[in-house]
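In what follows, a structure is listed as structure tokens, so that the remarks can point back to it.
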Amino acid sequence: MPSRTWVPRAPYDLARTLRVLRRGRGDPACRREPDGTWWRCSRTPAGPATLRISESPDPGADRLITGTAWGPGADWALEQLPSLLGADDRPDTFRPRHRVVAAAHRKYGGLRLARTGMVMESLVPSVLEQRITTGSAHYAWRRLLSQYGEQPPGPAPEGMRVPPGAAVWRRVPSWDWHRAGVDRSRAAAILRACSYAPRLEEAAAMELPEAMARLQLIPGIGPWTAAETLQRTLGAPDALTTGDLHLPVQIGYALTGSRGGTDEQMLQLLEPYAGQRHRAARLILLGGRLPNRRAHRAPHSRIAHL
């Protein structure tokens with residue numbers, strides 16, 4: 001089985017870098033073992049691949065990351081390994097402008113923005129997360145992958161699956177979307193995206209504004225979904241999520257101490273971080289100075305019981 005090693009610049013935090021790629025603890029496509037080993041099952045442009053990522057001390061460096069891959073897409077996955085781990089990210093160019101952000105930047109200086117180089121892999125679960133609780137979206141992802149995902153190559157842990165390709169997603173019948181708790185509008189958005197999957201995958205090689213525009217050509221994919229997708233696909237430091245129920249409130253409270261908050265106010269507060277607004281938001285959320293939830297949460301999806 002082919003493998004590759006990569007030595008990141010210190011400081012480096014593997015777990016926080018890869019955490020955004022996992023859709024809940026039971027994600028069939030991305031798993032973290034108790035010993036810190038990560039497993040990813042992906043449908044690369046070269047075919048399915050299983051990737052194991054482990055971290056070990058190295059006498060000549062602060063960290064040594066080793067990736068081992070199996071399957072037709074193994075070489076592609078290893079070629080992309082440094083980008084996946086944040087090698088293209090440049091956190092050293094970030095300049096904190098607020099005390100809260102500066103403290104988080106010092107504490108979490110090892111955070112890197114992962115870049116998968118794949119659009120549909122992040123787009124489908126991002127659509128599933130529209131307008132519902134995270135738990136409901138993760139349940140839908142687990143159920144659909146368990147039913148329609150592919151058995152991964154190599155020694156992947158029990159229960160892991162390679163996410164379906166566009167052709168398989170398009171064959172999912174309406175009743176299985178329903179049983180997974182996915183309403184008609186989200187299922188339709190995914191099916192429309194799958195019809196244009198090759199064109200959407202081209203966004204992985206675009207600059208952020210062009211990639212955002214490309215994704216939003218699909219009805220049902222707005223700024224929220226496009227940003228959530230491209231944060232992972234491109235590792236884009238400025239792909240700030242707008243249209244979120246909680247993020248403006250959290251950003252506003254962390255930086256001003258005031259409750260409430262709108263997208264417009266959040267954009268104004270983060271204007272000093274233009275080009276790095278997503279990174280600033282990630283650091284603010286990691287910093288932990290967040291308000292208690294007062295707004296109603298999005299309801300849990302129960303449409304499968306109807």
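- Atoms OG1 and CZ, on Thr50 and Arg161 in that order, are 11.0 Å from each other to the nearest 0.5 Å.
- The hydrophobic cluster containing Leu21 does not contain Tyr108, counting ILVMFWY residues as joined when their side-chain heavy atoms lie under 4.5 angstrom apart, directly or transitively.
- Smallest separation of non-hydrogen atoms from Ala140 and Ala180: CB-O, 3.3 Å.
- Using a 4.5 Å cut-off on side-chain heavy atoms (C-beta onward), Val124 and Leu144 make no contact.
- In this structure, the side chains of Thr262 and Pro248 stay at 4.5 Å or more apart for every pair of heavy atoms.
- Between the Tyr12 side chain and the Thr17 main chain, no donor and acceptor come within less than 3.5 Å of each other.
- For the pair Val127/Val182, no side-chain contact is recorded, criterion being any heavy-atom separation below 4.5 Å from C-beta on.
- Of all heavy-atom pairs between Arg16 and Leu111, the closest is O-CD1, 3.6 Å.
- The OG1 atom of Thr68 sits 12.5 Å away from the CZ atom of Arg4 when rounded to the nearest 0.5 Å.
- Pairing each heavy atom of Pro48 with each of Pro153, the nearest pair is O-CG, 4.1 Å.
- Between the CD atom in Gln216 and the CD1 atom in Ile221 there is a gap of 9.0 Å [rounded to 0.5 Å].
- At least one donor-acceptor pair closer than 3.5 Å links the side chain of Asp89 to the backbone N or O of Leu113.
- Side-chain atoms of Arg277 never come within 3.5 Å of backbone atoms of Leu240 as a donor-acceptor pair (strictly under, hydrogens ignored).
- Under the 3.5 Å distance criterion, with hydrogens and angles disregarded, a donor-acceptor pair is assigned to the side chains of Ser185 and Arg131.
- Between Trp70 and Trp39, the ring-plane angle classifies as parallel under the 30° and 60° cut-offs.
- By the rule that hydrophobic residues join a cluster once side-chain heavy atoms approach within less than 4.5 Å of another member, Met266 and Leu286 end up as members of one cluster.
- A continuous path of ILVMFWY side-chain contacts below 4.5 Å connects Leu208 to Met120, so both sit in one hydrophobic cluster.
- The main-chain N or O of Pro237 is never found under 3.5 Å from a side-chain atom of Gln276 such that the two would form a donor-acceptor pair.
- Under the 4.5 Å side-chain heavy-atom criterion for Ile, Leu, Val, Met, Phe, Trp and Tyr, Trp76 and Leu51 are members of distinct hydrophobic clusters.
- Residues Leu217 and Leu200 form no side-chain contact, since every pair of their non-hydrogen atoms from C-beta on lies 4.5 Å or further apart.
- The two residues Leu234 and Ala203 make their nearest non-hydrogen contact at CD2-O, 3.7 Å.
- Distance alone, capped at 3.5 Å, is enough to place a donor-acceptor pair between the Trp169 side chain and the Pro164 backbone.
- For Gln268, the CD atom is loosely surrounded, since the number of other residues' heavy atoms within 6.0 Å does not exceed 12.
- Inter-residue side-chain proximity for Leu255 and Leu270 is flagged as met; some heavy-atom pair is nearer than 4.5 Å.
- For the pair Asp263 (side chain) and Gly243 (backbone), a donor-acceptor distance under 3.5 Å is present.
- When atom types are taken as modelled, the side chain of Arg232 and the backbone of Glu228 share a donor-acceptor pair closer than 3.5 angstrom.
- Atom-to-atom distance recorded for Thr225:OG1 and Met212:CE is 9.5 Å, nearest 0.5 angstrom.
- We find the CZ-OG distance between Arg23 and Ser122 to be 5.5 Å, quoted to the nearest 0.5 Å.
- Considering OH of Tyr139 and CG of Leu128, their distance stands at 12.5 Å, rounded to 0.5 Å.
- Under the 3.5 Å distance criterion, the side-chain polar atoms of Tyr273 are left unmatched by any main-chain donor or acceptor of Phe94.
- Between Trp224 and Ser126, the shortest heavy-atom contact is CZ3-O, 3.4 Å.
- In this structure, Glu129 and His138 have side chains that are in contact, with non-hydrogen atoms separated by less than 4.5 Å.
- A donor-acceptor pair is defined here as one N or O able to donate and one able to accept, closer than 3.5 Å; no such pair exists between the side chain of Arg22 and the backbone of Cys30.
- Contact detail for Ala254 and Ile284: the closest heavy-atom pair is CB-CG2, 3.4 Å.
- You'll find the side chain of Ile218 stays beyond 4.5 Å of the side chain of Leu123, heavy atoms only.
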ask   = Going through the checks in order, is the side-chain contact (heavy atoms from CB on, under 4.5 Å) test met by Thr116 and Leu84?
value = CA-CA 5 Å; Thr116 68; Leu84 177 71; 4.0 Å; yes
List the steps, then state whether side-chain contact (heavy atoms from CB on, under 4.5 Å) holds for Val172 with Ile190.
CA-CA 11 Å; Val172 176; Ile190 291 172; over 6 Å; no
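- Proximity of a side-chain donor or acceptor of Ser42 to a complementary backbone N or O of Thr44 within less than 3.5 Å is not detected.
- Side-chain contact between Glu121 and Arg43 is absent, with no heavy atoms from C-beta onward closer than 4.5 Å.
- Under a hydrophobic clustering in which Ile, Leu, Val, Met, Phe, Trp and Tyr are joined whenever their side-chain heavy atoms come within less than 4.5 Å, directly or via other members, Trp141 and Tyr148 fall into the same cluster.
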